[in-house]
Each structure stands twice: as structure tokens, then as C-alpha cells.
Amino acid sequence: EVQLVETGGGLVQAGGSLRLSCAASGSTFDDYVVGWFRQAPGKEREGVSCISTNGLTYYADSVKGRFTISIDNAKNTVYLQMNSLKPEDTAIYYCAATPQYYTISYYCAHRYLEVWGQGTLVTVSS
């Protein structure tokens, strides 16, 4: 079974950038959907961006034009480049993965992914 480890979180000022990484071990991302989700204090977990192993992507409206998801199949790693960060982006960011049977938007919207990482904290100061 695939296991996920997220890295790259931290403290950044508004307008700054961070890149999150999600590395898989135990298996590859072949035919998987991999997504980034976030949960702010007192709020539900929400889908940020998802990607399939053939490169199709989905973004939440709140991050379109600012965040970019990418996958390096050779390294079994998915990245989330976050630019123009805002204080409202502050949250714990989780990576998740699941075998793909439906559209990537389905997984991002419903959070029905089998494997989850432990999360990494992103704090954006104003």
C-alpha cells in the first residue's frame, strides 16, 4: 500500500511562495489520483488541487492562477507550488491518493481518497 509523506510547509508572508512535496513509498502513483487538501481551524477539509498520473489537473476556484500542481512519476512525488499566498491560505495541507476510477474533480470535491499523509502546516502572515 502506498504511504505518503508531505514536506515543505512553513511560515511565509502574504504574497510569498512555498512549494509542498508529497512523496510516495511502498508503491507508485500509477493510475492514481493524487490531491492536496487543506483544513483551517474550525473549517471543514477542502480540496485544493488534484492530478492524475497522466497529468490532468483540477483546481479549486480559490487557488486558480496562484497554485500549480505537478507530478514527477519517476520520483513518485507530487508537488504543489503556491504563489501569491494569502492569510486565508493558512491551514494544514494534506496529500492524499487513491486508485482512479472517476474524474479527478470527483475526488477533489468529495475527498474520497484512500490514503492520506500526516499533513504539513502552512502559515501565511499578513
Side-chain angles (χ1 to χ4, degrees):
E1 179 180 284
V2 65
Q3 296 177 323
L4 306 174
V5 176
E6 305 102 328
T7 55
L11 173 64
V12 64
Q13 288 189 330
S17 298
L18 282 174
R19 189 176 81 156
L20 305 182
S21 298
C22 173
S25 61
S27 182
T28 67
F29 281 144
D30 287 349
D31 299 321
Y32 270 62
V33 170
V34 183
W36 286 98
F37 299 78
R38 67 186 180 187
Q39 188 165 18
K43 295 189 176 181
E44 287 192 357
R45 192 171 298 187
E46 64 175 353
V48 175
S49 182
C50 292
I51 189 167
S52 63
T53 49
N54 62 1
L56 294 177
T57 59
Y58 167 91
Y59 295 95
D61 288 342
S62 58
V63 306
K64 281 181 182 176
R66 300 189 298 122
F67 292 9
T68 302
I69 192 170
S70 60
I71 188 167
D72 186 332
N73 287 310
K75 294 182 178 180
N76 291 324
T77 301
V78 170
Y79 303 97
L80 186 69
Q81 178 66 43
M82 306 186 294
N83 299 328
S84 301
L85 283 161
K86 304 175 181 180
E88 51 263 43
D89 294 318
T90 295
I92 299 174
Y93 284 70
Y94 299 89
C95 176
T98 198
Q100 182 175 10
Y101 300 105
Y102 305 107
T103 64
I104 55 173
S105 60
Y106 171 87
Y107 292 103
C108 250
H110 297 287
R111 308 188 299 275
Y112 294 155
L113 290 89
E114 293 182 357
V115 182
W116 291 78
Q118 81 286 353
T120 185
L121 177 63
V122 171
T123 304
V124 184
S125 63
S126 58

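No hydrogens, no waters, no symmetry mates; every other heavy atom, side chains included, goes into these values.
Of all non-hydrogen atoms in A91 and A40, the two that sit nearest each other are CB-N, 3.8 Å. For T77 against S21, the heavy-atom pair with the smallest separation is CG2-CB, 4.3 Å. In plain terms, the two heavy atoms of F37 and C50 that are nearest each other are CZ-SG, 4.1 Å. Closest approach of S49 and C108 over heavy atoms only: C-SG, 3.4 Å. Taking every heavy atom of both residues into account, A14 and S126 meet most closely at CB-CA, 4.4 Å.
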Verdict with reasoning, C22 to W36, per side chain to side chain contact (heavy atoms under 4.5 Å, CB included):
CA-CA 9 Å; C22 173; W36 286 98; 3.5 Å; yes
Derivation and outcome, side chain to side chain contact (heavy atoms under 4.5 Å, CB included), residues V33 and Y107:
CA-CA 8 Å; V33 170; Y107 292 103; 3.8 Å; yes
Can you give each donor-acceptor pair under 3.5 Å made by side-chain atoms of residues 53-61, sequence neighbours left out, with the distance rounded to 0.1 Å?
from : atom 1 : to  : atom 2 : distance (Å)
T53  : OG1    : D31 : N      : 3.2
N54  : OD1    : S52 : OG     : 2.3
Y59  : OH     : I69 : N      : 2.9
D61  : OD1    : K64 : NZ     : 3.1

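When L80, I92, D89 are each tested for a side-chain contact (heavy atoms from CB on, under 4.5 Å) with R38, only one passes: D89.
Atom-to-atom distance recorded for S27:OG and Q3:CD is 10.5 Å, nearest 0.5 angstrom. Here the OG1-CZ distance, from T98 to F29, works out to 11.5 Å after rounding to the nearest 0.5 Å.
Using cut-offs of 30° and 60° for the angle between ring planes, the Y112 and H110 rings count as parallel.
A cation-pi arrangement is absent between R111 and W116, since the terminal nitrogen or guanidinium carbon is not both under 6.0 Å from the aromatic centre and inside a 45° cone about the axis. A cation-pi arrangement is present between R45 and Y94 under the rule of less than 6.0 angstrom and at most 45 degrees off the ring axis.
A search for side chain to side chain contact (heavy atoms under 4.5 Å, CB included) contacts involving S84 returns R66, not counting sequence neighbours. Applying the salt bridge (charged side-chain N to carboxylate O under 4.0 Å, His left out) criterion to E88, with sequence neighbours excluded, gives no partner residue. The side chain to side chain contact (heavy atoms under 4.5 Å, CB included) search around T120 returns E6, L20, Y93, not counting sequence neighbours. Residues passing the side chain to side chain contact (heavy atoms under 4.5 Å, CB included) test with L18 are V12, M82, L85, V122, sequence neighbours excluded. The salt bridge (charged side-chain N to carboxylate O under 4.0 Å, His left out) check on K43 picks up nothing, with sequence neighbours excluded.
Remark: the backbone N or O of V124 is paired with a side-chain donor or acceptor of T90 at under 3.5 angstrom. Remark: side-chain polar atoms of Q100 are paired, donor with acceptor, to backbone N or O of Y102 under 3.5 angstrom.
Counting heavy atoms from C-beta on, the side chains of I71 and Y32 never come closer than 4.5 Å. By the 4.5 Å heavy-atom criterion applied to side chains, P99 and E114 are counted as neighbours.
Hydrophobic clustering, with ILVMFWY side chains joined whenever heavy atoms are under 4.5 angstrom apart, groups F67 together with V34. Residues I51 and V2 share a single hydrophobic cluster, defined by chaining ILVMFWY side chains whose heavy atoms lie under 4.5 Å apart. Using a 4.5 Å cut-off between side-chain heavy atoms of Ile, Leu, Val, Met, Phe, Trp and Tyr, with links allowed through other members, L4 and V48 fall into the same hydrophobic cluster.
Inspection of the T28 and N76 side chains reveals no N or O donor paired with an N or O acceptor under 3.5 Å.
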